[in-house]
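Chain letters run A, B, ... following the sequence lines, proteins first and then strands; every chain starts at 1. In this text the structure is predicted, and so the values were computed from the model without any measurement.
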Amino acid sequence: MDHIFALVDCNNFYVSCEKVFDFTLRGRPVVVLSPNDGLVIARSNEAKALGFKMGDAVFQMQDLIKEHAVVVFSSNYALYFDMCDRVREVLAQFTPRLEKYSIDECFLDLSGFQPDELEDYGRQIKAKVEQWTGIPVSVGIAETKNLAKLANKLAKKSEKARGVLNLYKSPYLDKALAATDVGDLWGVGHQYEMMLKSNGIVNALQFRDAPEHWVRKKMTVMGARIQAELRRTECYSLEELPKPQEMVGTAQGFGIPIESLDELKAAAAAYADKEAKKLRRIKQCVKELVVWVQTNHFGRDPQYGEKAIIYFPVASNDPAVLIKKVVAAVELLYKKGYKYKRIGLNAIKTEMENEVQEHLFVGKQTSERRELLRVIDQLNEVTGAATVRMASVAIDGRWVQKATRQSPHFTTRNSDLPIARVV
DNA sequence: TCTGGGGTCCTAGGACCC
DNA sequence: TCTGGGGTCCTAGGACCC
């Protein structure tokens, strides 16, 4: 069966979310930073025009920020996740066959439409999302996911397309491929781009028409699939159900390096708490957990890293249980004289919350206990992250990552609701 | 000065088994 | 002279994604 894929991609998503709630940002250069306020990870068109790149270090951009009065935000994921849900709700009204690909992209299955209806339908989708959520989107339509991705990119770039481009059965496909740099293809990163260009393959049309066996030899089956998709042969289907998560991890760098054991233990407690919360959200309990500590491998200081595996006799997602074990493990891993940059946790074996195996000598989590944790989670969700927390979990450690320029949780926290005034 | 954090997929090679 | 070969599981590393 011949499929038709549409890729709907939110433009400058994080920045667009901020703009929905502050119209004074319109027309101004705006950037959003990574979780530790270190890198630029989203830019408004105005900021792009000023030369801000994805992944730029903020400290290197200070002059430019001052000079052009760039508005800078720490990332506010509570807001972005919520806006993401709203966009998807609108998209779901256009087709039930929808894949959530990333926080700002959805694939839609539009199979069954006539080629000449597609562009108009794409424009309806774009208009409806923008009207109901305030988030601007681009739409690319084609026979395969990779081509839909490419169409989307061109839709964003081209003035004429005005945000929607349909390449399904289009006579302009070759032209579109020729206009696409080979490095802009989905699945072709920096390494492959260099390799292809040094072999004279500069645009997507040349890549599509290169010998298949050569592409497979140089880029494994991944490359061969990209090529097949450019030839309108579907290799990737719509995945409506998210894959069950295998590993649940928490690994964050510290705002500043940690040298003392006490501080490292405090950080470990906070990360264990976070890990437990993640597990509760997906209704899993951890059976085996890897804990690791690591110095900053970008620095010139002496390097050290070590890991330990923790076994839980009865799988758990109770913060008290996780914190106790993780802190004890970190105490063993700690070596004096190093500057620690991060702690990582990774649940390598988990069990479903309602299928946890009992243990003869260790009590199972009671249903009252589970209910208590559920209520605490809900409370924290509404009032702010750490209203109720384990006593050992500090939220004011020097090592806590900086996020000093975060916008309010407009849509998820009562105290942050926007206020409307009539003037 | 500072350098994200979460992933996926594929391949090669080693250990082990019969 | 010649010293199996095929399968599975695991890990590490490289490439990519947002």
Side-chain angles (χ1 to χ4, degrees), chain A residues 7-17 31-43 53-63 65 73-77 80-81 84 99-107 145-146 148-150 152-153 182-196 215-226 229 235-236 239 242-257 271 274-275 278 281-282 288 290 292 294-301 305 307 309 339 341-349 401-403:
Chain A
L7 176 64
V8 180
D9 185 311
C10 301
N11 303 344
N12 312 332
F13 182 56
Y14 297 172
V15 165
S16 297
C17 290
V31 299
V32 173
L33 308 181
S34 63
N36 200 19
D37 286 357
L39 306 176
V40 172
I41 55 169
R43 309 151 293 154
K53 300 263 177 322
M54 201 75 172
D56 276 344
V58 183
F59 76 95
Q60 285 174 332
M61 311 305 282
Q62 287 305 341
D63 291 348
I65 288 170
F73 285 98
S74 301
S75 39
N76 181 349
Y77 287 97
Y80 311 149
F81 282 122
C84 169
E99 174 188 341
K100 304 162 183 178
Y101 176 68
S102 76
I103 189 163
D104 66 340
E105 290 163 284
C106 270
F107 282 106
K145 282 183 166 181
N146 213 303
K149 209 59 187 174
L150 186 146
N152 188 290
K153 200 154 228 173
V182 74
D184 286 339
L185 283 173
W186 190 33
V188 176
H190 184 246
Q191 298 297 321
Y192 286 151
E193 180 186 352
M194 295 294 118
M195 186 277 293
L196 289 167
V215 169
R216 180 179 290 262
K217 198 177 79 190
K218 290 284 195 177
M219 299 170 67
T220 78
V221 296
M222 302 302 283
R225 281 181 199 151
I226 298 167
E229 289 231 321
C235 298
Y236 299 103
E239 286 170 33
K243 292 186 199 86
Q245 219 168 338
E246 269 189 19
M247 284 205 240
V248 186
T250 303
Q252 253 187 333
F254 308 132
I256 54 155
Y271 286 21
K274 200 171 155 185
E275 177 77 8
K278 266 192 194 172
R281 196 183 312 139
I282 58 170
E288 286 181 30
V290 179
W292 43 277
Q294 181 70 52
T295 51
N296 182 3
H297 51 258
F298 289 108
R300 275 181 224 98
D301 296 314
K307 62 181 177 180
I309 298 181
K339 293 179 180 167
K341 178 62 182 173
R342 67 181 66 225
I343 290 179
L345 301 178
N346 228 332
I348 50 175
K349 260 191 199 160
Q401 288 201 344
K402 296 164 277 185

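Counting to the nearest Å, the P atom of dC18(C) and the CG atom of Asp184(A) are 11 Å from each other. Here the P atom of nucleotide dA15(C) and the CE atom of Met194(A) are 13 Å apart, to the nearest Å. The CG atom of Asp104(A) sits 14 Å away from the P atom of dC17(C) (whole-angstrom rounding). The separation between Met54(A) atom CE and dC17(C) atom C1' is 11 Å, rounded to whole Å. In this structure, CG of Asp9(A) is placed 10 Å from C1' of dC18(C), rounded to the nearest angstrom. The CD atom of Glu99(A) sits 13 Å away from the P atom of dC18(C) (whole-angstrom rounding). What separates CG of Leu39(A) from P of dG5(B) is a distance of 9 Å, to the nearest Å. dC16(C) atom C1' lies 14 Å from atom CG of Leu196(A), rounded to whole Å.
Picking from dC18(C), dG6(B), dA15(C) the nucleotide with the shortest atom distance to the side chain of Trp186(A) gives dC18(C). Listed candidates were dA15(C), dT3(B), dG5(B). Nearest to the side chain of Arg342(A) is dG5(B). Of the candidate nucleotides dC2(B), dC16(C), dC18(C), dC18(C) has the atom lying nearest to any side-chain atom of Ser102(A).
Shown here are the salt bridge (Lys or Arg N to Asp or Glu O under 4.0 Å) partners of Asp104(A), two or more places apart in sequence or in another chain: there are none. Among residues two or more places apart in sequence or in another chain, the side-chain contact (heavy atoms from CB on, under 4.5 Å) test is passed with Arg342(A) by Trp292(A), Gln294(A). Applying the salt bridge (Lys or Arg N to Asp or Glu O under 4.0 Å) rule to Asp184(A) yields no partners; only residues at least two apart in sequence or on another chain are considered. Taking the salt bridge (Lys or Arg N to Asp or Glu O under 4.0 Å) definition, one finds that Lys149(A) meets it with Glu105(A), sequence neighbours left out. Residues satisfying the salt bridge (Lys or Arg N to Asp or Glu O under 4.0 Å) criterion with Lys217(A), sequence neighbours excluded, are absent altogether. Partners of Tyr77(A) according to the ring pair (Phe, Tyr, Trp, His ring centres under 6.0 Å) rule, which considers only residues two or more places apart in sequence or in another chain, are Tyr14(A), Tyr80(A). Met219(A) meets the side-chain contact (heavy atoms from CB on, under 4.5 Å) test with Val188(A), Tyr192(A), Met195(A), Leu196(A), Phe207(A), Val215(A); sequence neighbours excluded.
The local environment of NZ in Lys339(A) is sparse, with at most 12 non-hydrogen atoms from other residues, nucleotides or ligands closer than 6.0 Å.
Dashed line: the shortest gap from a side-chain N or O of Asn36(A) to OP1 or OP2 of dG5(B) is not under 4.0 Å. Taking 4.0 angstrom as the limit, Lys149(A) places none of its side-chain polar atoms (N or O) nearer than this to OP1 or OP2 of dC17(C).
Using C1' as the reference atom, dC16(B) and dG4(C) are 15 Å apart when rounded to the nearest Å. Taking atom P in both dC17(C) and dT3(B), one finds a spacing of 24 Å when rounded to whole Å.
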Show me the protein contacts with nucleotides 10-13 of chain B, counting only N or O atoms at under 3.5 Å.
unit_1: dC10(B); atom_1: OP1; unit_2: Arg225(A); atom_2: NH1; d: 2.5
unit_1: dC10(B); atom_1: OP1; unit_2: Arg225(A); atom_2: NH2; d: 2.9

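Residues Val58(A) and Val31(A) form no side-chain contact, since every pair of their non-hydrogen atoms from C-beta on lies 4.5 Å or further apart.
A donor-acceptor pair is defined here as one N or O able to donate and one able to accept, closer than 3.5 Å; such a pair exists between the side chain of Glu229(A) and the backbone of Tyr236(A).
Residue contacts shown for Gln60(A) are absent, as no nucleic acid heavy atom lies under 4.0 Å away. Using a 4.0 Å heavy-atom cutoff across all strands shown, Ile256(A) reaches no nucleic acid atom at all. Contacts of Val188(A) with the nucleic acid, taken as non-hydrogen atoms under 4.0 Å apart, involve only primed sugar atoms and P, OP1 or OP2.
Consecutive Watson-Crick or G-U pairing (both distances under 3.5 Å) extending over three or more pairs maps onto DNA chain C as B:5-18 with C:5-18.
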